[in-house]
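Nothing fancy with the numbering, it's 1 onward along the sequence. What you see below is based on every heavy atom in this structure, not just the backbone, and it leaves out hydrogens, waters and symmetry mates.
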Amino acid sequence: MPHCTLPTLRARRFAFDAGGCLYRDHLGRRVLADAEGCGRLEIETAAPGLATDAAADGTFEDGLIAATAEDGPSTLSILRGGLEALPDLAEGIDVRGSFEGAGWVLASEGPLQVDGLREEAPLPASSLPIPFFLEACAATLTVVRRDFRALPIDRFSIADAGALKERGFRVQNMSDIEPLDGFFPNGESRVAPVASHLNTASWSVELPAEAFAVVLRKIYDRFHGRQRARVLLNGLPAGTWYEPEENRVARWAISDFCARVPEDGGSALRIAIDPVAGSPLWSVAEMEVFALVRK
């Protein structure tokens with residue numbers, strides 16, 4: 001099992017027709033799933049010749065690529081983050097409409113939305129319940145509660161000069177701030193300012209004393225896929241934030257990154273986002289920060 005001890009916060013489904021893919025690699029293969037860090041891969045349908053970096057049980061610790069040189073429809077799901085034991089199905093409770101807090105969705109009826117991501121979540125299955133840390137919504141739900149909750153502690157727009165100054169926000173080589181008139185994968189429209197930066201952006205937040213981890217969230221333009229950045233907390237490496245998908249039709253998207261709070265860091269946390277050389281510019285319209293605390 002992966003050594004990562006952070007809670008699993010996100011499930012992602014990659015589904016493609018016979019010739020579709022995230023992108024083609026340097027060998028011309030169709031890349032059908034791509035993830036940084038640790039997690040688990042579940043293959044629902046596989047194109048011929050599909051090869052992955054996952055272990056026999058689907059787990060991976062140092063990133064994952066699933067690719068094939070052949071055509072064929074494929075559907076793969078990834079749990080991103082540390083892997084706790086799957087929840088006990090007997091502990092599920094039935095809910096109508098929405099459930100606020102952190103948990104796993106075991107079953108649902110109707111379109112499933114989790115954590116305000118504005119896209120349909122993968123269907124829950126016995127092998128892959130769907131994790132969430134803020135809220136899950138569907139016509140009816142069966143959920144299992146988790147032992148932590150998320151507290152919103154910061155939110156700002158990249159175009160709000162006063163908010164940036166208040167947080168000590170610094171950035172190098174940022175583009176002009178321009179409005180983007182577009183929509184999310186669920187069809188929800190949005191008109192808001194967005195910018196991209198080539199080098200490090202950083203700002204400060206105050207943490208509650210009981211926080212054991214933080215979740216960083218950005219609303220951004222995914223016109224360019226494979227956006228990748230190093231994350232540093234109080235100057236210490238916390239991992240790589242990576243979003244492989246591009247969508248030049250439904251350009252608005254939401255991305256999350258979870259990291260453990262540095263020990264002995266006190267209540268002040270300096271967050272730095274450092275795009276990796278050779279990657280597309282790091283896009284951001286709005287940033288949010290959540291603190292994870294035990295119940």
Side-chain angles (χ1 to χ4, degrees), residues 1-2 4 6-18 20-23 29-68 72-87 89 92 102-138 141-144 146 184-186 222 225-226 241-247 250 253-258:
M1 293 287 286
C4 180
L6 289 169
T8 303
L9 295 182
R10 185 83 183 272
R12 175 66 59 83
R13 171 172 286 180
F14 301 97
F16 301 101
D17 58 18
C21 60
L22 280 172
Y23 58 89
R29 300 182 304 170
R30 299 165 59 216
V31 175
L32 304 177
D34 186 356
E36 296 279 354
C38 58
R40 184 174 63 247
L41 172 71
E42 294 280 347
I43 299 174
E44 299 176 41
T45 57
L50 182 68
T52 81
D53 300 323
D57 63 355
T59 58
F60 57 91
E61 291 195 11
D62 298 310
L64 171 92
I65 295 285
T68 179
S74 297
T75 303
L76 305 90
S77 294
I78 288 178
L79 285 178
R80 296 167 54 186
L83 298 175
E84 312 98 322
L86 292 179
L89 302 184
W104 293 85
V105 180
L106 304 184
S108 66
E109 292 184 2
L112 173 63
Q113 300 283 328
V114 297
D115 293 334
L117 292 169
R118 299 174 176 84
E119 61 187 59
E120 188 171 342
L123 295 174
S126 59
S127 61
L128 189 65
I130 302 304
F132 60 95
F133 72 95
L134 288 174
E135 182 183 39
C137 304
L141 299 154
T142 302
V143 302
V144 172
R146 301 171 85 181
F184 289 94
N186 69 348
R222 63 175 171 188
R226 303 171 75 180
W241 192 349
Y242 178 51
E243 284 294 342
E245 292 171 280
E246 74 174 36
N247 192 321
I254 298 174
S255 175
D256 298 328
F257 176 86
C258 182

Quiz item: Closest approach of L9 and R146, non-hydrogen atoms and distance?
Solution: CD2-NH1, 4.4 Å
Exercise. Return the minimal non-hydrogen interatomic distance between E246 and G225, and the atom names on each side.
Key: CB-N, 3.2 Å
Quiz item: Of all heavy-atom pairs between R12 and P122, which one has the smallest distance, and what is that distance?
Solution: C-CG, 4.1 Å
Practice problem: Provide the closest heavy-atom pair for P131 versus A11 in the form atom of the first, atom of the second, distance. | Solution: CD-CB, 3.9 Å
Quiz item: If you round to the nearest 0.5 Å, how far is CG of L64 from CD1 of I78?
Solution: 5.0 Å
Quiz item: Does the D53 side chain pair with the main chain of I65, one donor and one acceptor, at a distance under 3.5 Å?
Solution: yes
Quiz item: Are any non-hydrogen side-chain atoms of P185 and R222 less than 4.5 angstrom apart?
Solution: yes
Quiz item: Looking only at heavy atoms, which two atoms of S255 and W241 are closest? And how far apart?
Solution: OG-NE1, 2.7 Å
Quiz item: Taking C-beta and beyond as the side chain, do L112 and L123 meet within less than 4.5 Å on heavy atoms?
Solution: no
Quiz item: Just how far is it from atom CZ of R80 to atom CZ of F60, taken to the nearest 0.5 Å?
Solution: 9.0 Å
Quiz item: Considering only heavy atoms from C-beta outward, does the side chain of N186 approach that of E120 to under 4.5 Å?
Solution: no
Quiz item: Between CG of L76 and CZ of R13, what distance do you get to the nearest 0.5 Å?
Solution: 10.0 Å
Quiz prompt | pair D115-F132: side-chain heavy atoms closer than 4.5 Å | solution = yes
Quiz item: With a 4.5 Å limit on heavy-atom distance, are the side chains of C21 and L32 in contact?
Solution: yes
Self-check item: Salt bridge E119-R10, side-chain N to carboxylate O under 4.0 Å
Solution: yes
Quiz item: Which pair of non-hydrogen atoms, one from A66 and one from T52, has the smallest distance, and what is that distance?
Solution: CB-CG2, 3.8 Å
Practice problem: Without swapping roles, check the side chain of T75 against the backbone of T45 for a donor-acceptor pair under 3.5 Å. | Solution: no
Quiz item: With side chains defined as the heavy atoms from C-beta onward, is the minimum distance between P129 and L106 less than 4.5 Å?
Solution: yes
Quiz item: Are L117 and D256 close enough that some pair of their side-chain heavy atoms sits under 4.5 Å apart?
Solution: yes
Self-check item: R226 to Y23, cation-pi by 6.0 Å centre distance and 45° axis angle
Solution: yes
Self-check item: Within-4.5 Å side-chain heavy-atom neighbours: P48 and T68
Solution: no
Quiz item: Okay, side chain of R30, backbone of G72: is any donor-acceptor separation there less than 3.5 Å?
Solution: yes
Practice problem: Please assess Y242 against D34 for the test side-chain contact (heavy atoms from CB on, under 4.5 Å), listing each intermediate value before the final yes or no. | Solution: CA-CA 9 Å; Y242 178 51; D34 186 356; 2.5 Å; yes
Exercise. Rounded to the nearest 0.5 Å, what's the gap from CG on L79 to OG on S127? Could you check?
Key: 9.0 Å
